[in-house]
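All chains are named by letter (A, B, ...) in the order of the sequence lines, taking the proteins before the strands, and each is independently numbered beginning at 1.
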Amino acid sequence: MEGHQLQHQAACMRKALFDQGYLDDQFLQLEDLEDEANPNFVEEVVKLYYSDSARFIRNIELTLDKNPFDFEKLDDIMHQFKGSSSSIGAKKLKTECTQFQEYCKIGNFEGCMRTFQEVKQEHAVLKKKLESYFQLARQAR
Amino acid sequence: MNLGVNPMSFTSSSASWKSGDGVSDQFPAGLRVLVVDDDPTCLRILEKMLRSCLYEVTKCSRAEVALKLLRDNKDGFDIVISDVHMPDMDGFKLLEHVGLEMDLPVIMMSADDSKNVVMKGVTHGACDYLIKPVRMEALKNIWQHVVRKKKHEWREKDFEQSGSVEEGERQQKPSEDVDYSSSANEGNWKSSKKRKDEEDEAEERDDSSTLKKPRVVWSVELHQQFVTAVNQLGIDKAVPKKILELMNVPGLTRENVASHLQKYRLYLRRLSGQHQNGLGNSFMGPSDATFGPMTALNGLDLQALASSGQLPPQSLATIQAAALGRATNKSAISVPMVDQRNIFSFESPKIRFVDGQQQHNNSTKQVNLLHGIPTNMDSKQLAALHQSAQPFSNMNRHIHSQSSQSNSLLTQMVQPQSRTQILNEVGGSHVLNLPSSVGQPVLSQAIPGALLGRNGIDNVHGPTYASVSQPSAVVDFSRSQRAELPGNSFSLVGNSGIPTLATKGMLQEDFNSEMKGNRGFMPNYDVFNELNQNRTEDWGLQSVGSNFEAPQHTNLQGRLDVAPSVLVQPGFLSDRHIGIPSVNKTAFSAADGVVNTANLSQALTSSLPDNALRIKAERLPDMGFQNGPFPDQFGQDDLMSALLKQQQEGIVPAETDFGFDGYHLDNLPV
């Protein structure tokens, strides 16, 4: 049945996200919060995250551009971004954020720049994957 | 889900929690949480998680908004969860504010798990620190922090009231809380909730606002700090905020200081008025006078006393501490028998405390004044007390004013003979209105006064006092005995047997309430004074004797001095000796009363939860009153001396419980 197939596909996609390290336990926590009253809670939160996290990316870019050696500030912004990302269970993204912060701590601008690119990429990749997943999951319901 | 939340105080939330029983067994449903985080994603997730725990959640993305919410709804929240890192205000700063202003448990959160940040949370007083991303499990148990804090408050209140943890029903409640706070046992939770609800109800009656506030125990040291700060600023310029700053005590709120200051001021005022009465300051024994929330040690001008050389500084501190906050010791009547005379003359603050006993609920820090009544009363002190018969009358008055109930009590007691006069003097104090039914002469007056004083003090709080109002002195006894009190005013006081007089009928109510906490019979002297002046917030009854004193702002002079002493010590029936002219007559009655009291006290003793009471009661028999031969002895002086002697001998050891220690009637004018 299509329904079943879709469900199966959704399940596989979900599993892959975990297996490939994009998502961690925290995502499960969000899923646990879903109930009849909030059937799309996880999707809601992820949307919220992406609409909000854009500002972090923007801010870091601005800082890297204007005050590239203001590591404290960079670290600060990244810290918030990391917190937000971790709350939706973005595992890989979280790792990159940590890396960025490490470079900030040692004042390695190059490292910061490089890592930031990784951060941006992970951020974008995850967004796509989750969007696909949610779409499928909704269809499968 | 049925959160049954009542955005009121914790109390109500506990009530609401109850309603949540059916919904979820796991959590204390209805816990009102305020979550503050600038990150909308986290905030949304937290909100959802908390809702899943059946908590009532309020979101806030800015610290300032959060503070406003908290300020506007003083009792609207039970716990605050806040992010460390926020743009408009540092999370730790918010933590500090909440701690100082509202004293709610605050949980910090952060993605930063480095030790130093976590440590910072600890040092700033966070009750917990969660690492982001926050998991459901972590939020499930946050209620424990609320319970823990509440329990602590309850405990403090109890201490203040009764000076002893084990005393009183109220106390039981907190202990119950303790039980369940320590374990997430659902069963415990529910039963605790119920108990808590009962307790809450009782408390709400008194002063619902108190429930929310954490109780501060004004130990000697803390009080000393307070006094130092006040002196530094100058009593006129001492404002709570500055005092708080000077004191620099973490966790102390401005409100704590404010109420303490209020009491202290009253106390000072009382002292200045008292001195005229001639009561020595010697009674300001250190004791733990848990004076309850009397602003100024209820008339105990400890400082004055101390400065006058009569009161050792330490005692002063103790008394003050006791009076204003919880006494350092929990002994029941640790009211310093400081200066019996003083007590009488200046409405012993202690009396007020008596009031406070019951009142744990008072919002103000309920210091168990009565408890605080220093038990160190030396015989000298006692004598001094006795000497100032006045206080008695004053006390009566004071007592009257304290609570209407007490008035009735006093009235009863007072009626006989000159009592009326005394009563009249008391005027304001309701206490004196004891119906003559009491039949106990002067003593009853005194006692009632004392008791009432207590009660009166209780009035402050309202309900509790009402019950106690009667013979606060009796309070201790009567508390448990209510029924027995009638006529046994002496027993009330426990201290002096006089209490029973006062209580006649009134005591009963009061007693019960007061008894709970009363332990400090003795110290009542001060209490009385206090009573007169302030509403004793937490009297803790005990000081029946204090009742006497309290009422009398002015009248105590001489009149009831005797009474107080009598009150204080169970064996003190020798009110008469105290030199209160009217007392003489009553003294006799007191003697009678004493005898009765003895019996009563015995009775009470058995029923009294208060150990102190028991002791006192026991002592009565020793005094020999019971046996009746006393009446003869009570020829005033004789009685007094007899009492004194007995007191000294027998009482001292047992004093500790009551805090009567030190009550030596040596000084009683025989």
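Separating the NE2 atom in B:His85 from the CD atom in A:Gln80 is a distance of 4.5 Å, to the nearest 0.5 Å.
With a 4.5 angstrom heavy-atom cutoff, A:Glu44 touches chain B only via side-chain atoms. Interface residue B:Asp112: backbone and side-chain heavy atoms are both found under 4.5 Å from chain A. For A:Lys94, the part sitting under 4.5 Å from any heavy atom of chain B is the side chain, from C-beta outward, and nothing else. For A:Leu33, the parts sitting under 4.5 Å from any heavy atom of chain B are the backbone and the side chain alike.
Within a 6.0 Å sphere centred on CD of A:Glu31, other residues, nucleotides and ligands contribute more than 12 heavy atoms.
For the pair A:Gln29 (side chain) and B:Met136 (backbone), a donor-acceptor distance under 3.5 Å is present.
The contact list for residues 118-135 of chain B toward chain A, using heavy atoms and a distance under 4.5 Å, reads B:Lys132, B:Pro133, B:Val134, B:Arg135 by residue number. The contact list for residues 37-47 of chain B toward chain A, using heavy atoms and a distance under 4.5 Å, reads B:Asp38, B:Asp39, B:Pro40, B:Thr41, B:Cys42, B:Arg44, B:Ile45 by residue number.
Legend: salt bridge (charged side-chain N to carboxylate O under 4.0 Å, His left out) pairs involving residues 102-117 of chain A, not counting sequence neighbours, sorted by first then second residue: A:Glu102-A:Lys105.
Ion pairing of B:Lys48 with A:Asp35 is present here, as a side-chain N (NZ or NE/NH1/NH2) and a carboxylate O approach within less than 4.0 Å.
For B:Arg71, the salt bridge (charged side-chain N to carboxylate O under 4.0 Å, His left out) partners at least two apart in sequence or on another chain are B:Glu101.
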